[in-house]
Enquirer: 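Can you keep this structure in mind? I'll have questions shortly.
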Amino acid sequence: MKKTLSIIGKIIAVLAIVIVLFLAIVFLVNIICNKMEQGKIESYGQFVTVDGKNMNVFIQGEGEETVVLLPGYGTATPALDFKLLIDELSPFYKVVAIEPFGYGLSDETDKERSTENIVSEMHEALQQLDIDKFTLMGHSIAGIYGLDYVNKYQDEVSAFVGIDSSVPTQPGMDVELPVKTFAFVEKSGLLRLIMKVSGDPYAGLAFDAQTVEQMKMISNKNMYNATTLNEMEHISSNFKGAQDLTFPKDLPLLLFVQANNADVEGWIPLHEEQVKDSVYGKMIPMEGSHYLHHTQFKEIADNFREFMKEAK
């Protein structure tokens, strides 16, 4: 028995050493790769000063009307992620992609990621650019921030367009998320490893190779940084705070919605409820993933243009 226990003890000790060495290697590789990639990340867009920090904004197109794009949570490089849609919209509109703090090439911030602060910062960025009339188009959680924005600054927004946008009353948003676990996965370098072995998320999409390379490097830099983790901590309270808000009835409202969402109960009815009271509201179900703008960018642009003509 003693001999058996001794052997088991040695095996456990060896396994522990192997695990420690593995984690140490992963940690060092992540640090080295981050430093190497930092010099390869190419700048795009322009900086505007918001709350004393740099917020990156990408602008393309010279149309008389402006479309402002807001990303979903965790979209590490918003301007590049929206590239396919921007290319479709920019021949007809001035398209402005905002990269909130912690995203893309924007600075991080210590300011709490409440809806109030995020919306205020977006508004300040647009004010710096002298943009005071536009269509607000947002993906995922931008449905929550956008709802707050259109209620606070009604005179500025001519329409709201959701790309599989979040709904305040959707189920499952009151859970406590494992923020510390995500922080450990990022700092340890395990996140880079997980992303590496998970396959190419851009495979089969229309992005060019250079854009894909940039998105991957910026994702490695930004994913689960302190700013976005703070936003994760506020997700539940931000959803709860929006539950009494509705879109203004006279605001044109167009919602592109994932038709085959099996993860959120009642996904289609939730969006139907949002548009039913609008003077001009429309919901368009689309086949595809949550990132509808990766595959349905042409259809989104065409339907949006037609919707705006009808709304006028």
Side-chain angles (χ1 to χ4, degrees), residues 37 40-47 54-61 66-90 93-108 113 118 121-122 125 135-146 161-166 186 191-192 194-196 198-225 227-228 231-232 235 256-258 261 286 288-301 304:
E37 290 174 354
K40 296 180 182 179
I41 293 175
E42 300 173 358
S43 62
Y44 54 84
Q46 65 189 78
F47 287 129
N54 288 324
M55 181 174 286
N56 194 53
V57 179
F58 179 79
I59 301 175
Q60 183 173 311
T66 300
V67 176
V68 174
L69 293 170
L70 303 181
Y73 175 75
T75 301
T77 170
L80 299 184
D81 185 80
F82 278 126
K83 183 180 186 301
L84 301 175
L85 180 58
I86 291 172
D87 288 345
E88 291 294 322
L89 291 172
S90 58
Y93 303 95
K94 176 181 179 180
V95 186
V96 181
I98 295 179
E99 298 194 323
F101 289 137
Y103 291 78
L105 303 183
S106 295
D107 290 342
E108 290 193 57
R113 297 295 81 203
I118 291 171
E121 290 159 3
M122 286 191 242
T135 291
L136 192 59
M137 184 180 293
H139 172 241
S140 195
I141 203 170
I144 302 301
Y145 304 145
V161 180
I163 303 174
D164 213 36
S165 50
S166 301
E186 190 281 325
L191 179 61
R192 177 185 289 273
I194 292 169
M195 293 173 68
K196 184 70 175 177
S198 296
D200 186 354
Y202 306 107
L205 300 179
F207 293 105
D208 62 87
Q210 183 179 2
T211 300
V212 169
E213 181 185 23
Q214 290 294 309
M215 286 195 288
K216 288 180 178 178
M217 290 191 294
I218 297 173
S219 292
N220 285 327
K221 176 180 76 75
N222 286 341
M223 196 68 76
Y224 300 140
N225 60 34
T227 302
T228 58
E231 184 181 357
M232 183 187 289
I235 284 178
F256 297 103
V257 184
Q258 183 187 11
N261 187 334
M286 286 185 162
S289 71
H290 180 49
Y291 284 77
L292 291 171
H293 53 284
H294 284 177
T295 55
Q296 302 279 11
F297 46 92
K298 290 184 179 180
E299 291 79 2
I300 289 173
F304 168 64

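Along the sequence shown, residues carry numbers from 1. What you see below is based on every heavy atom in this structure, not just the backbone, and it leaves out hydrogens, waters and symmetry mates.
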Enquirer: Going by distance alone, is a donor N or O of one side chain under 3.5 Å from an acceptor N or O of the other, for Asp164 and His293?
Expert: no
Enquirer: For residues 98-105, which side-chain donor-acceptor pairs fall under 3.5 Å, sequence neighbours excluded?
Expert:
unit_1 : atom_1 : unit_2 : atom_2 : d
Glu99  : OE1    : Tyr44  : OH     : 3.3
Glu99  : OE1    : Asn56  : ND2    : 3.0
Glu99  : OE1    : Leu105 : N      : 2.9
Glu99  : OE2    : Tyr44  : OH     : 2.8
Glu99  : OE2    : Ala79  : N      : 3.1
Tyr103 : OH     : Gly74  : N      : 3.2
Tyr103 : OH     : Glu231 : OE1    : 2.7

Enquirer: Ignoring hydrogens, what is the shortest heavy-atom contact between Leu292 and Gln258? Give both atom names and the distance.
Expert: CD1-N, 3.8 Å
Enquirer: Who are the ring-ring contact (aromatic ring centres under 6.0 Å, His included) partners of Tyr145, not counting sequence neighbours?
Expert: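 So Tyr145 forms no ring-ring contact (aromatic ring centres under 6.0 Å, His included) with any residue.
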Enquirer: Working note: Phe304 + Val67, criterion side-chain contact (heavy atoms from CB on, under 4.5 Å); need CA distance, chi angles, decisive distance, verdict.
Expert: CA-CA 11 Å; Phe304 168 64; Val67 176; 3.8 Å; yes
Enquirer: On a heavy-atom basis, which atom in Ser140 and which in His290 lie closest, and how many Å separate them?
Expert: OG-NE2, 2.9 Å
Enquirer: Provide the closest heavy-atom pair for Gln214 versus Glu42 in the form atom of the first, atom of the second, distance.
Expert: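 So the minimum-distance heavy-atom pair works out to OE1-N, 2.9 Å.
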Enquirer: Looking only at non-hydrogen atoms, find the nearest pair between Met122 and Leu70 and report the distance.
Expert: SD-CD2, 3.1 Å
Enquirer: Taking salt bridge (Lys or Arg N to Asp or Glu O under 4.0 Å) as the definition, give me every residue that meets it alongside Glu213, ordered by chain and number, with sequence neighbours left out.
Expert: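 Salt bridge (Lys or Arg N to Asp or Glu O under 4.0 Å) list for Glu213, sorted by chain: empty.
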Enquirer: Considering non-hydrogen atoms only, spot the tightest contact between Glu88 and Phe297 and give its length.
Expert: CG-CD1, 3.7 Å
Enquirer: Grab the two heavy atoms, one from Tyr202 and one from Ser219, that are nearest each other, plus how far apart they are.
Expert: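 For Tyr202 versus Ser219, the nearest heavy atoms are OH-OG, 4.3 Å.
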Enquirer: With distance as the sole test, does Asp107 use its side chain to make a donor-acceptor pair with the main-chain N or O of Asn54 at under 3.5 Å?
Expert: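 Checked: pair present.
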Enquirer: Would you tell me whether Asp87 and Gln60 have side-chain atoms, one donor and one acceptor, within less than 3.5 Å of each other?
Expert: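 Checked: Asp87/Gln60 side chains pair up, N/O donor to acceptor below 3.5 Å.
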